[in-house]
Colleague: 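The structure that follows is given in the form of structure tokens.
Start at 1 and go down the list; that is how both ligands and their atoms are numbered. We use all heavy atoms of the structure for the numbers below, so side chains are in, but hydrogens, waters and symmetry mates are not. Numbering starts at 1 and runs along the sequence shown.
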Amino acid sequence: MRDLLITGAQFADGSTADLGVSAGRFVAPSEVHDAEHIGADGLLALPGLVDSHTHLREPGREDAETVATGTLAAARGGYTAVHAMANLDPVTDSAEAAEHLAALAGRTASAEVIVVGSVTKGLAGAELSEMGLMHRSAAGVRMFSDDGKCVMDSLVMRRALTYAKTFDAVIAQHAQDTRLAGPGACCHESEISGRLGLPGWPAQAESAIIARDVELAQLSGGRLHVCHVSTAEGVEVIRWAKARGVNVTAEVTPHHLYLGTREVERYDTTFKVNPPLRTDEHIEAVRAGLADGTIDMVGTDHAPHARQDKDHPFDIALPGMLGLEQALAVVIETMVNSGRLDWPGVVRSMSAAPAALTRSATQGRPIAVGEPANLVLVDPSARAVVDRDDSASKSRNNPYHGRDLPDPIVATIWAGRITHRR
Ligand code: NCD
């Protein structure tokens, strides 16, 4: 691996300095030898982004994504680490499954893969998975989630929070009360669900579970993370819980910051996602929540799906959309360009906070001599029309296709290695 010399870049706080990279770490520029020069005049240098919520699909659905393609998509989006969700086949519910994924990542990944274990065996919601064994395994699991499914049983959720607390792990909940919606619920319950004749999810299916879970976090003293908050009511409950000192963090997806119910007017299944796209008042609420820190971080919920799983009537198609490659673009468009989030805020919500979820020692760190060289070079003013075929992902369910958006990622460096360069 060749040394790097990066000159001219500016940091999130507005300061500038040249950067040396050697043996995977930042070093003083005078310390590099035979270095490859990267001229970064006019660019921002930010710590490598960390995704709190990625679906990599391997093992099980390698036709939709693999660890190799998903982490390459991550690198193209400026990410140097992703939390790999457990809804794989087989489910990541044992030490063996966790170690298998970690080993696979060791061989094929272009970003650090932080393994997430399931809360319950087979995501069935009944019996706790081997959480302690997964934590003590070589995969060192520190986050557990049945994401894709809500842990509905209150006692199971209580036990998970209580047990995870003993080794400082976090329980990430997909907050969606399945008992509050009829079968086939597939969009936001509102004027649009009635007009389109599609069964809907009320906002309260999300906020009611968040309310229960913050009470359980309080009761157990455990650490709760709320996945993909999408409703004004959900943000309000989290704001209330934080004011009471509950140990809770939350994420919002790029698509819930940017896209709304109008996208489903044409029954295009690209826009079917869980939780569903919401109305303007909810979009405004999640933006405000991210701006004031009620929502701690951006998690992409990158959910690749093969064409045959999307080419169905809207209520039957699988939910989920891509997110890694355009996440920063959407955050710049919705939050930075509108003045609601500054660059230190971007660093906090897209690198430091998600890295802190699983107590990473290598990610979300400042750009400083001696630190692991995880870096993204950003051109904040470049724009382009998104083309879903210009992607490292195996899937094409890109909701930003055809839109004019920022095109910020110039280069990504993971542990001193260039993983993407435009
Ligand atoms: C996710 C998936 O496809 O794995 N789908 C989605 O609509 N977001 C599961 C999830 O995160 O809910």
Colleague: Any atoms of ligand 1 less than 4.0 Å from a non-hydrogen atom of H305? List them with their elements.
Modeller: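 Near H305, meaning under 4.0 Å from one of its heavy atoms, ligand 1 has 3 (O).
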Colleague: Salt bridge check, R403 against E333: does any charged N sit closer than 4.0 Å to a carboxylate O?
Modeller: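 No.
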Colleague: Applying a heavy-atom cut-off of 4.0 Å, say which part of H53 lies close to ligand 1: side chain, backbone, both or neither.
Modeller: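 For H53, the contact with ligand 1 is made by the side chain alone.
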Colleague: Using a 4.0 Å cut-off to any heavy atom of D147, which atoms of ligand 1 qualify?
Modeller: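 Those qualifying, in numeric order: 9 (C), 10 (C), 11 (O), 12 (O).
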Colleague: Which of the atoms in ligand 1, numbered in the order shown and given with their element, are less than 4.0 Å from a heavy-atom of H228?
Modeller: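 This gives 11 (O), 12 (O) as the contact atoms.
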Colleague: What residue and atom, counting heavy atoms only, is the protein's closest point to atom 1 (C) of ligand 1, and at what distance?
Modeller: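 Heavy-atom neighbour on the protein nearest atom 1 (C) of ligand 1: H55 NE2, 3.6 Å.
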Colleague: Is there a donor-acceptor pair under 3.5 Å between the side chain of D51 and the backbone N or O of Y79?
Modeller: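 No, the answer is negative, given that no donor and acceptor are paired below the 3.5 Å cut-off.
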Colleague: Could you verify whether a donor N or O on one side chain and an acceptor N or O on the other, from E251 and H53, lie under 3.5 Å apart?
Modeller: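 A pair is found: one side chain offers a donor N or O, the other an acceptor, under 3.5 Å apart.
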Colleague: Where does N274 meet ligand 1, judged by heavy-atom distances below 4.0 Å: at the side chain, the backbone, both, or neither?
Modeller: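 The part of N274 near ligand 1 is both the backbone and the side chain.
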Colleague: Backbone, side chain, both or neither: what part of H174 comes under 4.0 angstrom of ligand 1, heavy atoms only?
Modeller: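 Contact part for H174 vs ligand 1: side chain (C-beta onward).
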Colleague: State plainly whether the residues R61 and D89 are in salt-bridge range, i.e. N to O under 4.0 Å.
Modeller: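 A salt bridge is absent here (no side-chain N lies under 4.0 Å from a carboxylate O).
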Colleague: Are more than 12 heavy atoms from other residues, nucleotides or ligands located less than 6.0 Å from atom CZ of R159?
Modeller: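 Result for CZ/R159: open.
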Colleague: State whether K121 and E130 are salt-bridged, where the test is any N-O pair (Lys NZ or Arg NE/NH1/NH2 against Asp/Glu carboxylate O) under 4.0 Å.
Modeller: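 So K121 does not pair with E130 through a salt bridge.
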Colleague: Could you say whether the N/O atoms of A303 and ligand 1 ever approach to under 3.5 Å?
Modeller: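 Looking only at distances, the answer is no, because the N/O contact criterion of under 3.5 Å is not met.
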Colleague: Are side-chain heavy atoms of L44 and F11 found at a separation under 4.5 Å?
Modeller: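 SC-SC contact between L44 and F11 ruled out.
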Colleague: With E206 as reference, evaluate T231, D177, L180, V237 under the side-chain contact (heavy atoms from CB on, under 4.5 Å) test and give the passing residue.
Modeller: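 By the side-chain contact (heavy atoms from CB on, under 4.5 Å) criterion, E206 pairs with just one of T231, D177, L180, V237: T231.
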Colleague: Should you measure from each heavy atom of G148, which atoms of ligand 1 turn up under 4.0 Å away?
Modeller: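 Those qualifying, in numeric order: 9 (C), 10 (C), 12 (O).
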Colleague: Below 4.0 angstrom from a heavy atom of N87, which ligand 1 atoms are there? Numbered from 1 as shown, please.
Modeller: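 Those atoms are 2 (C), 4 (O).
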Colleague: Which ligand 1 atoms does P319 reach within 4.0 Å, using its non-hydrogen atoms?
Modeller: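 Once the distances to P319 are compared, the set is 3 (O), 5 (N), 6 (C), 7 (O).
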Colleague: Taking non-hydrogen atoms only, is L318 closer than 4.0 angstrom to ligand 1 via side chain, backbone, both or neither?
Modeller: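 Neither; nothing of L318 gets under 4.0 Å from ligand 1.
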Colleague: Without hydrogens or angle criteria, can the side chains of H228 and N274 be said to hold a donor-acceptor pair below 3.5 Å?
Modeller: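 Side chains of H228 and N274: no pair found under 3.5 Å.
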Colleague: Quick one: look up the protein heavy atom nearest atom 8 (N) of ligand 1 and list residue, atom name and how far away it is.
Modeller: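 Nearest protein contact, heavy atoms only, for atom 8 (N) of ligand 1 is D301 OD2, 2.7 Å.
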Colleague: Under 4.0 Å, heavy atoms only, figure out whether ligand 1 is touched by the backbone of R57, its side chain, both or neither.
Modeller: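 The answer is the side chain of R57.
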Colleague: Is it true that D296 and K242 make a salt bridge, defined as a side-chain N closer than 4.0 Å to a carboxylate O?
Modeller: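 Salt bridge present between D296 and K242.
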Colleague: Distance under 4.0 Å to a non-hydrogen atom of G320: what atoms of ligand 1 satisfy this?
Modeller: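 Those atoms are 5 (N), 6 (C), 7 (O).
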